Amino acid sequence: MEANKPRDFIRQAIDADLAAGANQGRVVTRFPPEPNGYLHIGHAKSVCLNFTVAADFDGHCFLRFDDTNPDKEDSRFVDAIKEDVHWLGFDWGDRLTHASDYFESLFESAVTLIEAGKAYVDSLTAEEIRTHRGTLTEPGKNSPYRNRSVEENLDLFRRMAAGEFEDGAHVLRAKIDMASPNMNLRDPALYRIRKSRHQRTQDRWCIYPMYDFAHTLSDALEGTTHSLCTLEFEDHRPLYEWFLDQLPMANRPRQIEFSRLNLAFTVTSKRLLKRLIDEGHVQGWDDPRMPTLAALRRRGYTPESIVDFCARVGVTKKDTTIELGALENCLREDLNERAERRVAVLDPIKVVIENFPDGETEWLPAANHPNRPELGERDLPFSRELWIERDDFMEDPPRKFFRLKPGGEVRLRYAYIIKCEEVVKDAAGKISYLRCSMDVDTRSGSGPAAMRKVKGTIHWLSAAHAKPAEVHLYDRLFKVPNPAAGDDLAADLNPDSLVVRSNAFVEAALADLTPGVPVQFERLGYFVTDPDVTAGLRFNRAVTLRDTWAKLERQLLQSET
RNA sequence: UGGGGUGUAGCCAAGUGGUAAGGCAACGGGUUUUGAUCCCGUGAUUCGCAGGUUCGAUCCCUGCCACCCCAGCCA
């Protein structure tokens, strides 16, 4: 624990609890996902919070699956969630649990509530219960079944569990206060009949506990001391405490709420993410444009960058929307330090060096990292015919364009300074190639003559040696900062969220890059090989490099109009 | 128009009675064979608004305004 660092309000609250002697100094948290989808960047904040709080206080954190709704949950999500939490770098040890582990105990607690006259079986239909609940401004009405005897409730509840009734025929409700201004206290449902097979308990149960009941008791049963959840559960807290007051639990956890993380230009709601998949806007939970952890991983994000991001955004109760750039910047910062540099030409245009002998190859050393000489270097082949980036040549460039132009000079990185002598076009007026000459005295590192300065430096690849590859360039999934606001998700999609460069070339060394290890394509960004090997050699761009030229270009364009 | 929350710079975020930390972004400058990295520098007479208490208020009090959440047998 770093005492000098500003502590978030949750850690401060725990400090105070500990100072007051709570829980014999123990701190136990839990991350409780429902296995009905993949974890996204918003979940990462909660994962980080729960695990790092536990670590800071020498406590521990459970990974608990909140699997109380068999109709929506699936073990494949359980596996995906475990993988993601582990990938982020957190270890739950032997503290992997499920709400369903406690179903027997939960059932007993429900019986206890019934026996205490604190719960009853209601036989109203869902629709009737809704109308009886009242509205935000009008109190609800008691159900006609509210005063059934303990014996009748017990009998009915046991028969619900025994499968004697159809789905929806009855529901177990807490008996609290139908006139409460807090809707959560208007006799909330505790158990519903659902004759569905559960991914873990199979057919053992046909009644399933509701979130509030299951969650509170699971927390208490596991010894959670601090139950950290998001803001929308704030007015469930009185109910959480009501359960703890009614039931004889050995442990009394404290619920503390914090605001969820929202990221601009994307959505962080499992419901909407699922829609994107179901409507075919993306290819799945791990489509690299998705904000899921699986997608970010596939795209080339490192777990370290995500953990760092979560630490930087902090923990408060204020509704926030973080700029996308904040996340990207965390990745750039991490990768700038660790990613080796390589060369790729995504949209090639040919250059012919007229004064370089045909058929010859010169090998030129290129550093693997400009600031880390210990990472070594490799040799790049240089020959008469090269590929350069189409963007690095302009026939009629604006002011301040430092790259290649007719009659202009540019440095080929790690190689020579060349001059564009002629733009050779085909009959259709399309550029066939650029005829260039090289200054033979300017080979990188070859002495004083090579120190000659030119304005620009561009990257290149020997056409005879480069390997073809497909490169996927990703951009924000939506074109509006808050896509969740409108109901027409599709209309807000960014049509350029994926651009495929199928005619790209990469240096030979890239053909056997370790999967999952990000590299920097010089001047282009950070890339990683895609795990889908059936697609051949394919790279995904995780993030671009910071691009002040692009910004300048935009400003120049604007000032001209 | 019930209840629960939140409002400090473009985005986050400390500070919580003694005169506004930090990060990201933005802008200016330096270094540079990645228009990258790196380095240096620049921002709130002011803390949603209005009153009040106080020698002194972002911090305490009162009122107001804005925004978010709640009427699943979802979580």
Side-chain angles (χ1 to χ4, degrees), chain A residues 5-8 32-34 36 66 68-69 71-73 122 124-126 129-131 133-140 167-173 180-186 188-194 207-208 210-212 214-215 229-238 257 259 264 270-271 311-330 332-333 336-337 341 343 369-371 400-403 411-415 417 442 444-445 450-459 520-525 544-553:
Chain A
K5 246 176 125 181
R7 318 199 79 207
D8 58 72
E34 182 187 14
N36 66 343
D66 227 323
T68 57
N69 187 350
D71 292 343
K72 291 188 177 173
E73 297 150 8
D122 197 352
L124 253 25
T125 64
I129 286 180
R130 191 174 64 74
T131 57
R133 189 156 29 232
T135 68
L136 294 179
T137 51
E138 301 157 22
D167 286 13
H170 306 284
V171 63
L172 184 72
R173 292 229 261 169
S180 173
N182 181 343
M183 300 296 282
N184 296 114
L185 264 20
R186 318 243 268 222
L190 265 29
Y191 266 94
R192 76 284 214 186
I193 300 170
R194 187 129 322 166
I207 58 170
Y208 292 93
M210 299 290 290
Y211 163 82
D212 290 290
H215 191 81
C229 64
T230 43
L231 249 30
E232 67 270 29
F233 295 107
E234 205 150 20
D235 45 16
H236 289 236
R237 194 169 64 228
E257 311 83 10
S259 56
K270 279 192 243 178
R271 197 191 106 250
R312 290 195 203 193
V313 299
V315 182
T316 65
K317 300 189 69 155
K318 188 163 77 171
D319 285 319
T320 59
T321 300
I322 313 294
E323 293 172 338
L324 234 200
L327 208 212
E328 294 178 335
N329 188 66
C330 288
R332 288 194 186 103
E333 205 168 286
N336 175 53
E337 193 57 36
R341 267 93 271 218
V343 180
H369 192 117
N371 311 322
K400 295 186 180 175
F401 181 81
F402 301 156
R403 283 115 77 154
R411 158 73 66 180
L412 292 181
R413 186 146 163 88
Y414 304 121
I417 291 174
T442 55
S444 290
M451 305 290 274
R452 186 157 74 83
K453 302 287 182 202
V454 286
K455 274 288 199 176
T457 299
I458 65 174
H459 57 96
Q520 182 191 103
F521 286 177
E522 293 206 50
R523 306 208 307 130
L524 297 173
T544 62
L545 256 32
R546 190 176 275 108
D547 189 351
T548 50
W549 164 248
K551 200 187 308 178
L552 221 194
E553 196 177 30

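Quick note on labels: first sequence line is chain A, next is B, and so on, each numbered from 1. None of the values given here were measured: they were computed from a predicted structure.
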- Message: Under 3.5 Å for both donor-acceptor distances, Watson-Crick or wobble: does B/G10 have a partner, and if so which one?
- Response: B/C24
- Proximity to the side chain of A/Thr320 - top-ranked nucleotide from B/A13, B/G5, B/C70: B/A13
- Message: Suppose you measure atom P in B/A25 against the same atom in B/C11; what distance do you get, rounded to whole Å?
- Response: 15 Å
- Query: On a whole-Å scale, what distance lies between the C1' atoms belonging to B/U31 and B/G22?
  - Reply: 26 Å
- Task: Using the closest heavy atom to pick a nucleotide of RNA chain B for each, name whichever of A/Gly445 or A/Asp66 lands nearer the 5' end.
- Result: A/Gly445
- Message: Does A/Lys400 reach a base, just sugar-phosphate, or nothing at all? Heavy atoms under 4.0 Å.
- Response: base
- Given that both distances must come in under 3.5 Å, which nucleotide forms a Watson-Crick or G-U wobble pair with B/G2? B/C70
- Out of B/C74, B/C70, B/U6, minimum distance to the side chain of A/Arg194 belongs to B/C74
- Item | Donor-acceptor contact present, side-chain A/Arg186 to main-chain A/Ser180, <3.5 Å | yes
- Message: Tell me the interatomic distance from A/Asn371, atom CG, to B/U31, atom P, rounded to whole angstroms.
- Response: 17 Å
- Think A/Thr68 has a side-chain N or O under 4.0 angstrom from the OP1 or OP2 of B/A75? yes
- Message: Any base atoms under 4.0 Å from A/Arg186, or only sugar-phosphate, or nothing? Heavy atoms, all strands.
- Response: nothing
- Mind calculating the distance between CG (A/Asp212) and C1' (B/G4) to the nearest angstrom? 15 Å
- Task: Check every strand shown and say whether A/Leu324 touches a base, only sugar-phosphate, or nothing at a heavy-atom separation below 4.0 Å.
- Result: nothing
- Is there a donor-acceptor contact under 3.5 Å from the side chain of A/Lys400 to the main chain of A/Leu552? no
- Checking N1-N3 plus N6-O4 or O6-N4 for Watson-Crick, or N1-O2 and O6-N3 for wobble, each under 3.5 Å, the partner of B/A36 is none
- Query: Distance between the C1' atoms of B/A13 and B/G7, in whole angstroms?
  - Reply: 14 Å
- Item | Sugar-phosphate, base or nothing in reach of A/Leu545, heavy atoms under 4.0 Å | base
- Mind checking A/His236 for me? I need base, sugar-phosphate or nothing, with any heavy atom below 4.0 Å counting as a touch. base
- Checking all strands, does A/Arg173 fall into the base, sugar-phosphate, or nothing category for heavy-atom contacts under 4.0 angstrom? nothing
- Message: Just to be sure I understand the rule, does A/Phe233 reach a base, reach only the sugar-phosphate, or reach nothing, if contact means heavy atoms closer than 4.0 Å?
- Response: base
- Look at all strands and tell whether A/Met210 reaches a base, only sugar-phosphate, or nothing, counting heavy atoms closer than 4.0 Å. sugar-phosphate
- Inter-nucleotide P distance (B/C24, B/A20), Å rounded: 23 Å
- Provide, to the nearest angstrom, the distance between the CG atom belonging to A/Leu190 and the C1' atom belonging to B/C73. 11 Å
- How far, in whole Å, is B/G56 from B/G18 if one measures between their C1' atoms? 7 Å
- Would you mind telling me which of B/U33, B/A75, B/U34 lies closest to the side-chain atoms of A/Tyr211? B/A75
- Please work out if A/Ile129 contacts a base, only the sugar-phosphate, or nothing of the nucleic acid, heavy-atom cut-off 4.0 Å. base
- Syn/anti state of B/G72 by chi, 90° boundary around 0: syn
- Spacing of the P atoms in B/G52 and B/C68 (rounded, Å): 32 Å
- Query: Among the nucleotides B/G4, B/A36, B/G2, which one has an atom lying closest to any side-chain atom of A/Thr548?
  - Reply: B/A36
- Residue A/Asn69, side-chain heavy atoms: nucleotide from B/C12, B/G5, B/C74 that is nearest: B/C74
- Among the nucleotides B/C12, B/U33, B/G3, which one has an atom lying closest to any side-chain atom of A/Val313? B/C12
- Query: In whole Å, what separates the C1' atom of B/C39 from that of B/U53?
  - Reply: 49 Å
- Message: Can you tell me which nucleotide in B/G3, B/C27, B/C24 comes closest to the side chain of A/Glu323?
- Response: B/C24
- Assign A/Glu34 to base, sugar-phosphate, or nothing according to its heavy-atom contacts below 4.0 angstrom with the strands shown. sugar-phosphate
- Given B/U34, B/U6, B/C24, which nucleotide is nearest the side-chain atoms of A/Arg413? B/U34
- Query: So which nucleotide from B/U34, B/U8, B/C12 ends up closest to the side chain of A/Thr321?
  - Reply: B/C12
- Can you tell me if A/Glu138 uses its side chain to pair, donor with acceptor, with the backbone of A/Gly134 under 3.5 Å? no
- Message: Does A/Lys455 reach a base, just sugar-phosphate, or nothing at all? Heavy atoms under 4.0 Å.
- Response: nothing
- What nucleotide among B/C73, B/G35, B/C70 has an atom nearest to a side-chain atom of A/Arg192? B/C73
- Answer with base, sugar-phosphate or nothing: what part of the nucleic acid does A/Phe401 contact at a heavy-atom distance below 4.0 Å? base
- Message: I'd like the C1' distance from B/A26 over to B/A9, given in whole Å.
- Response: 11 Å
- Query: How is A/Arg133 classified with respect to the nucleic acid when contacts are heavy atoms under 4.0 Å: base, sugar-phosphate, or nothing?
  - Reply: sugar-phosphate
- Task: Mind checking A/Tyr414 for me? I need base, sugar-phosphate or nothing, with any heavy atom below 4.0 Å counting as a touch.
- Result: base
